[in-house]
Asker: 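Would you mind keeping the following structure in view while I ask a few things?
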Amino acid sequence: MSRRGLQEGRGLLVEKKMNIPLSKVYMDDAIRKTVLEVLDSGWYILREKVKEFEDKFAEFCGVKNAVCVSSGTAAIFLSLLALDIKAGDEVIVPSFSFIASAAPVIQVGARPVFVDVEARTYEADPEKIREAVTERTKAIFPVHLFGHPANIDAILDIAKKNDLYVIEDACQAHGAVYKGRKVGGLGNVGCFSFYPSKNMTVCGDGGCVVTNDEEIAEKIRMLRDHGRREKYVFDELGYNFRFNEIQAAIGIKQLEKLPSWNEARRNIAKMYNRALEGVVTTPVEEPWARHVYHLYVIRTKKRDSLSEFLKQHGVSTLVHYPVPIHQQPAITGALGAQPTLRITEKIAQEVLSLPMYPSLAATEVEYVSEKISEFLETR
Ligand SMILES: Cc1ncc(COP(=O)(O)O)c(C=O)c1O
């Protein structure tokens, strides 16, 4: 055992009890204060704070409109509705993602067509997308998985040639950059989540649709609020997927810190990379990408035993994702058995997410990395 993680205890060297979580939500007095101010204001839903947060988030993403909704899943669902995707349509989706990248497609009556990912980046493989296009295809749904941007130019090219929409799932990629442009504003619509583990949160559920298209933005504003434009005039059947003032106030504060947090995540990733290169498969950052490391995901064939070993040494890990979407019971139940996706199925057996959050200390990164090396050297 290395000396790191050891400390003196009753004259003996004993291992210091480590407790390193997978992710951690930032909290400070400015956030607490802003929440109390909203509580005292007497205004709670879709008021000034929501408008302010939407304007600031749109500016951050480099788009004209941001419409906040109750979750990332609601953002995806409403985007599909706003683009009139419905029964008879197909949407091309990478299977290596969270279920919410695909379930809303089925919920609007359309069919997700699952494609494999690139083994290097875990992003949808443009060649596989090209092969999956049929006359029923209405949209491509790239996921900027783990904070690394998908290969958008290739995807936009397929979309243009086949007259398809591109809906970006940017739920894990706040501030990620593709060739100098932030993700979310690259396709027709971008969807974000503010769930607590994300690069920025509203300390609860929350989401946002960003778009340069005024008509789509207006449609989503209506659909999130019972389909109305005026207080008691309902133009179409909508939903209650609204956003509230407390969430917006927290979001404003979190957004201010997001650039420095993303920088901190990148530095932590560099430290992990240096320590783990040649030990496990480390994440790739394409030359055209600015990865924001929502998750730091390694790969090893000994994934399950390594995860157990790290747990015994006070390090939390998680598998994103052990069962690809096309093999989930809810999906095969709804659509029937799906074709094999070789790379997706292989990496689902090997991926492991290590602790990653801006305040993770260099000594903690070293400790986690040393434990990984120690485990793999001895098995
Ligand atoms: C890739 C991806 N898509 C969609 C979602 C759904 O977001 P939410 O949990 O806010 O509904 C998430 C969040 O967990 C996600 O990681």
Side-chain angles (χ1 to χ4, degrees), residues 22-23 25 53 57 66-81 91-108 112 114-115 117 121-124 139-150 152 155 166-176 183-184 186-187 189-210 220 223-224 239-244 247-248 250-251 254 265 283 291-297 318-326 328 330-331 344 347-348 351 353 356-357:
L22 187 73
S23 70
V25 172
F53 179 49
F57 196 69
V67 186
C68 284
V69 294
S70 53
S71 68
T73 309
I76 295 167
F77 179 70
L78 293 184
S79 297
L80 294 163
L81 288 181
V91 178
I92 299 173
V93 184
S95 174
F96 192 53
S97 182
F98 183 57
I99 186 91
S101 300
V105 175
I106 300 172
Q107 284 153 347
V108 300
F114 296 106
V115 290
V117 291
T121 58
Y122 314 138
E123 308 301 331
I140 307 172
F141 194 87
V143 181
H144 305 298
L145 197 72
F146 305 150
H148 186 285
I152 280 290
I155 292 170
V166 173
I167 307 169
E168 299 173 64
D169 183 336
C171 287
Q172 301 188 356
H174 316 63
V183 303
L186 306 171
V189 176
C191 301
F192 288 88
S193 164
F194 302 125
Y195 181 81
S197 64
K198 304 301 186 204
N199 289 35
M200 62 165 289
T201 181
V202 295
C203 298
D205 274 315
C208 190
V209 180
V210 300
I220 290 170
L223 288 173
R224 76 174 165 183
Y239 301 83
N240 180 352
F241 288 156
R242 292 180 302 231
F243 200 66
N244 72 54
Q247 294 172 307
I250 297 171
Q254 291 250 330
R265 284 175 184 270
H291 199 323
V292 289
Y293 297 96
H294 165 56
L295 295 168
Y296 185 89
V297 178
L318 205 58
V319 175
H320 299 88
Y321 296 93
V323 181
I325 303 178
H326 73 286
Q328 291 288 350
I331 297 296
T344 297
I347 60 186
V351 283
S353 305
M356 171 54 90
Y357 45 90

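Counting starts at 1 for both ligands and their atoms, in listed order. Side chains included, hydrogens not; waters and symmetry mates left out as well; all remaining heavy atoms used. Because the structure is a prediction, the values reported are computed rather than measured.
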Asker: Answer yes or no: is there a donor N or O on one side and an acceptor on the other, between the side chain of R224 and the main chain of V69, under 3.5 Å?
Answerer: no
Asker: Out of all atoms in ligand 1, which are within 4.0 Å of some heavy atom of C171? Include the element for each.
Answerer: 2 (C), 3 (N), 4 (C), 5 (C), 12 (C), 15 (C)
Asker: Heavy-atom contacts with A100 under 4.0 Å: which atoms of ligand 1 show up? List them by number with element.
Answerer: 4 (C), 5 (C), 6 (C)
Asker: Could you identify the single nearest non-hydrogen protein atom to atom 9 (O) of ligand 1 and state the distance to 0.1 Å?
Answerer: S193 OG, 4.0 Å
Asker: Is the Y321 ring parallel, tilted or perpendicular to the F98 ring (thresholds 30°, 60°)?
Answerer: tilted
Asker: Are the side chains of F146 and P283 in contact, using a 4.5 Å heavy-atom criterion?
Answerer: no
Asker: Looking only at heavy atoms of I76, does any of them come nearer than 4.0 Å to an atom of ligand 1?
Answerer: yes
Asker: Can you find a non-hydrogen atom of S97 under 4.0 Å from ligand 1?
Answerer: yes
Asker: If you measure from each non-hydrogen atom of D169 to ligand 1, which part falls under 4.0 Å: side chain, backbone, both or neither?
Answerer: side chain
Asker: Does OH in Y357 sit with more than 12 non-hydrogen atoms of other residues, nucleotides or ligands closer than 6.0 Å?
Answerer: yes
Asker: Judging by distance only, is a nitrogen or oxygen of G72 under 3.5 angstrom from one on ligand 1?
Answerer: yes
Asker: With E123, which residues qualify under side-chain contact (heavy atoms from CB on, under 4.5 Å), at least two apart?
Answerer: T121, L145, H148, A150
Asker: Out of K198, H294, Q172, H320, who gets a non-hydrogen atom closest to atom 14 (O) of ligand 1?
Answerer: K198
Asker: Between F57 and F194, is the ring centroid distance below 6.0 Å?
Answerer: yes
Asker: Name all residues meeting the side-chain contact (heavy atoms from CB on, under 4.5 Å) criterion together with P324; count only those two or more places apart in sequence or in a different chain, and write none if there are none.
Answerer: S95, H326, Q327, T344, E345, A348
Asker: Looking at non-hydrogen atoms alone, which of I99, T73, D205, V143 comes nearest to atom 6 (C) of ligand 1?
Answerer: T73
